Trainee: 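Got a structure here, written out as structure tokens. Questions coming.
Counting starts at 1 for both ligands and their atoms, following the listed order. Owing to the predicted nature of the structure, the values given are computational and were not obtained by experimental measurement.
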Amino acid sequence: MPKAQQTVLEIDLGVLKQNFNYLNSKLNSKTKFLAVVKAFAYGNDATTIAKYLQALGIDYFAVAYAEEGVALRQAGVTVPILVLHTLEVNFDAIVDNQLEPNLYNTKILKAFIAFTSQNAIANYPVHIKFNTGLNRLGFGANDLDALKQVLKNTRSVKVASLFSHLAASEDLEEREFTLQQIQDFKVLTASVSSAIGYTPMLHMSNTSAILNYPETHFDMVRAGIGLYGYGNSKKESQFLKPIARLKTVISQIHTIATGASVGYNRAYKSTAVTRTATLPLGHADGIGRIYGNGKGFVTINGNKAPIIGNVCMDMIMVNVTGIACEEGDEVVVFDAETTSAEALAASANTISYELITSISQRVKRVILNEVI
Ligand SMILES: *Cc1c(COP(=O)(O)O)cnc(C)c1O
């Protein structure tokens, strides 16, 4: 039986490379590849992942917030970095670190132009986002005239790209809606390009659109979840492989009598003599309380052991009745072979994105296959 010492998230860069190559193989050779490394590269390790992808020749990175981009620059990342959610308070950090802001409405566009002109900056690369139906961030058709007017009258910024984000690229039942988003994007971007007199890069596909809507590849794609090994569909998941394995260890085993309870609020009560294992992993590590009380599970020596009672801050207890195991044995929470993060997330009615980005910074990251 494999032994373990503590909770670790193993990150296999060799697998990351395979996923990158697979997604890249879907693209025309001229299409650029942007890797989305927001939220610690989806809970993995943004600087390690970004430096590895940089060595593989990635074209662009995206982060959600400026501070994430600053951390990449400090780690030695030199390729362009798009900040997806620009806030005015971050303008200094953006310019000081050569980050490229997404400007998504007239207010932030004008504020950034004012900032750059005050600092005597010309042709600063910016990205303009269109709202084509997600209704999250972006200029809409009604803003088009104002947008063109502002862009035509400034030399402070240069539009590096025009982009949009799909609302349901993983859901083929929403195909009609998606095709409308694509059509609207083409119309909006053609209008801006002709107004400013040059054609910025266009991009609108996330992982699912890379796979489901080749017509959205345009000049660049933006892949997040696929790089980390999840394809949002059974079909694609077989070609991608999760890069991360979350594993832990049995700290203690108890055999409890019928009617005994386990954990806070006595949420679990045994109906027979029960063997429990206590693991050093709790909601502060990213296994939320939603996984408690029989929903979530771990794998011990090849057997599924359900989480019993409430998830504690630093620990969970699992039912190991009938499972051959002892203190010190390794426990798999999710990995590529046993239980994917997608399957564990499904046990609590959520998605892989939420589970993997929740693994907190307290969990030790161990990098495998770092050599290219
Ligand atoms: C997070 C994000 C992505 C990446 O999406 P995946 O489904 O993880 O590939 C792409 N574009 C934008 C605007 C995002 O916010």
Side-chain angles (χ1 to χ4, degrees), residues 16 19-20 22-24 26-27 31-44 46 49-50 53 58-66 68-69 72 80-87 99-105 108 126-139 160-172 174 178 181-182 185 189 201-214 216-233 236-237 239-244 340-342 345 350-358:
L16 175 68
N19 294 335
F20 171 64
Y22 175 71
L23 293 169
N24 221 357
K26 301 283 173 187
L27 309 180
T31 304
K32 289 184 159 57
F33 199 115
L34 175 153
V36 181
V37 292
K38 63 195 179 192
F40 301 102
Y42 290 43
N44 291 293
I49 297 228
L53 290 171
I58 199 93
D59 299 295
Y60 248 91
F61 288 112
V63 292
Y65 296 104
E68 299 176 311
L72 295 183
I81 301 174
L82 163 58
V83 176
L84 292 168
H85 200 154
T86 306
L87 299 170
L99 307 176
E100 302 184 1
N102 165 21
L103 302 175
Y104 47 84
N105 65 8
I108 196 119
V126 301
H127 302 258
I128 302 291
K129 186 171 201 182
F130 292 101
N131 172 24
T132 52
L134 183 60
N135 289 324
R136 198 170 69 173
L137 291 178
F139 289 91
S161 84
L162 303 169
F163 75 112
S164 187
H165 197 35
L166 295 166
S169 58
E170 75 286 5
D171 184 354
L172 297 178
E174 294 289 0
T178 302
Q181 280 196 277
I182 298 167
F185 179 65
T189 55
M201 283 195 298
L202 305 186
H203 49 107
M204 91 179 310
S205 42
N206 61 349
T207 297
S208 293
I210 292 173
L211 303 169
N212 296 334
Y213 294 96
T216 64
H217 293 180
F218 296 108
D219 301 304
M220 183 160 77
V221 298
R222 305 187 305 269
I225 199 79
L227 287 171
Y228 310 114
Y230 298 94
N232 290 332
S233 79
E236 292 299 341
S237 289
F239 301 111
L240 296 164
K241 187 173 167 191
I243 68 166
S340 71
E342 205 157 21
T350 181
I351 56 174
S352 60
Y353 295 78
E354 184 181 38
L355 176 57
I356 64 178
T357 58
S358 298

Trainee: Can you name the residues that form a side chain to side chain contact (heavy atoms under 4.5 Å, CB included) with S352, not counting sequence neighbours?
Mentor: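 Applying side chain to side chain contact (heavy atoms under 4.5 Å, CB included) to S352 gives I225, Y230, E342.
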
Trainee: Applying the side-chain contact (heavy atoms from CB on, under 4.5 Å) test to H165, which of N131, L84, L134, L137 qualifies?
Mentor: L134

Trainee: Is the F185-F218 ring centre distance short of 6.0 angstrom?
Mentor: yes

Trainee: Hey, does Y353 have a side-chain heavy atom less than 4.5 Å from the side chain of N232?
Mentor: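 Heavy-atom side-chain distance check passes, below 4.5 Å.
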
Trainee: Who are the residue neighbours of ligand 1 when the rule is a heavy atom under 4.0 Å from any of its atoms?
Mentor: V36, K38, Y42, L84, K129, R136, H165, N206, T207, R222, A223, G224, I225, Y353

Trainee: Kindly indicate whether the side chain of I243, heavy atoms from C-beta on, has any atom under 4.5 Å from the side chain of N19.
Mentor: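 Contact flag for I243/N19 side chains = yes.
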
Trainee: If we only count heavy atoms from C-beta on, is the S164 to K129 side-chain gap below 4.5 Å?
Mentor: no

